[in-house]
Structure formats: structure tokens, C-alpha cells
Amino acid sequence: MNLIPNELEWMSLFNTEPSTKEEALPFYYRENIYEFYVEDLHYIIKIFPSMDEFSIKVQFKNEKIDFVYLSFITVYKMEINSDKEKCAKFTVYANKEDDRFYSKIEITIKPNFSIKVIEDFLHNT
């Protein structure tokens with residue numbers, strides 16, 4: 001995953017520091033776990049840049065039942081679209097397997113949680 005925001009940009013977007021077992025390694029080479037709440041939603045987001053991995057789990061604050069869980073092991077690019085107090089959005093690009101198609105996952109955390117998964121032709125990126 002060559003194209004990815006840096007650690008400070010993710011910390012700003014999620015308003016939290018990542019937890020990791022590999023503290024001594026640089027951001028790019030460790031699994032970074034961001035766990036935070038936005039209103040009644042509990043987010044657990046894992047970003048592991050050197051392994052091209054990304055996952056998001058969302059639960060209601062008082063329940064331990066996942067109502068959203070997505071995991072990708074073919075992420076090649078990520079970008080932050082909006083990092084404002086009342087608007088937080090980012091995009092994950094994955095599954096670029098054959099130079100024709102890719103998957104774009106648009107994730108909105110604020111003001112309301114939403115996920116859009118779009119498969120498109122590669123020339124549109």
C-alpha cells in the first residue's frame with residue numbers, strides 16, 4: 001500500500017492514537033488499531049499498510065454485536081476525503097487484480113455512519 005495517509009492524519013480523523021503490539025516499528029510496518037466512539041457507535045478500525053490490509057468493525061455502544069464488518073487484504077490506496085469536526089470521511093481502494101477493475105469503499109463516520117462499496121473500471125481512479 002504505497003498511497004496512504006500518515007499516522008498523524010489518521011489520528012486526526014479518528015481523534016485517537018492507535019494501539020499496536022509493535023511499538024518500535026514505524027507506522028507503515030505495524031498493525032494499527034484505532035478504537036473510538038461516535039455517539040452510540042463503537043468503531044474498531046485496523047490499518048496494516050505494509051500488508052495491504054484494512055478492516056472496520058462497527059457495533060452499537062452498549063452491545064457487542066457487529067452490525068458492520070468489512071475486511072480487505074488487497075488494499076492499494078487510501079485517502080481522507082474530509083477531516084472536520086462534523087464531517088469525517090475516507091476512501092479505501094482495493095482488489096486491483098487485473099488492471100481493469102477495482103473496488104472503492106467510501107466510509108463516512110460523521111455526521112452519520114455510511115458505507116458505499118463500488119466496483120468500477122480502473123481508468124476512473
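Residue numbers count from 1 along this sequence. Scope of the values below: all heavy atoms of this structure, side chains included, with no hydrogens, waters or symmetry mates.
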Handout entry: Carboxylate-amine/guanidinium proximity below 4.0 Å for Arg30 and Glu7
Key = yes
Practice task
Would you tell me whether Asp52 and Thr74 have side-chain atoms, one donor and one acceptor, within less than 3.5 Å of each other?
Solution key: no
Practice task
For residues Lys86 and Lys110, determine if any side-chain heavy atom of one lies less than 4.5 Å from a side-chain heavy atom of the other.
Solution key: no
Exercise for the section: Locate the shortest heavy-atom distance separating Ser55 from Tyr69; write the atom from each residue and the value. Expected result: CB-OH, 4.2 Å
Exercise for the section: Calculate, to the nearest 0.5 Å, the distance between atoms CD1 and CG belonging to Ile107 and Leu70 respectively. Expected result: 6.5 Å
Exercise for the section: Look up atom NZ in Lys46 and atom OG1 in Thr20, then write down how far apart they are to the nearest 0.5 Å. Expected result: 11.0 Å
Handout entry: Gap separating the NZ atom of Lys77 from the NZ atom of Lys104, nearest 0.5 angstrom
Key = 9.0 Å
Problem - Side-chain heavy atoms of Thr108 within contact of Phe113, under 4.5 Å - result: no
Practice task
Kindly compute the distance separating CG (Leu13) from CG (Asp83), expressed to the nearest 0.5 Å.
Solution key: 5.0 Å
Handout entry: ring pair (Phe, Tyr, Trp, His ring centres under 6.0 Å) partner of Tyr34, chosen from Phe14, Phe48, Phe54
Key = Phe14
Problem - Heavy atoms from other residues, nucleotides or ligands near CD1 of Ile118 exceed 12 (cutoff 6.0 Å) - result: yes
Handout entry: Spacing of CG belonging to Asn81 relative to CD belonging to Glu106, to within rounding of 0.5 Å
Key = 7.0 Å
Exercise for the section: Assess the pair Tyr37 and Tyr43: is the distance between their ring centroids shorter than 6.0 Å? Expected result: no
Exercise for the section: Tell me whether the centres of the aromatic rings in Phe72 and Tyr93 are closer together than 6.0 Å. Expected result: no
Handout entry: Neighbour count above 12 (heavy atom, 6.0 Å) for Glu63 CD
Key = yes
Handout entry: Close side-chain approach of Ile56 to Ile105, heavy-atom, < 4.5 Å
Key = no
Exercise for the section: Taking all heavy atoms of Pro5 and all of Met78, pick out the closest pair and write down the distance. Expected result: CD-O, 3.3 Å
Practice task
Please check if the distance between the ring centroids of Phe121 and Tyr102 is under 6.0 Å.
Solution key: no
Practice task
State the CZ-OG distance between Phe90 and Ser82, to the nearest 0.5 angstrom.
Solution key: 12.5 Å
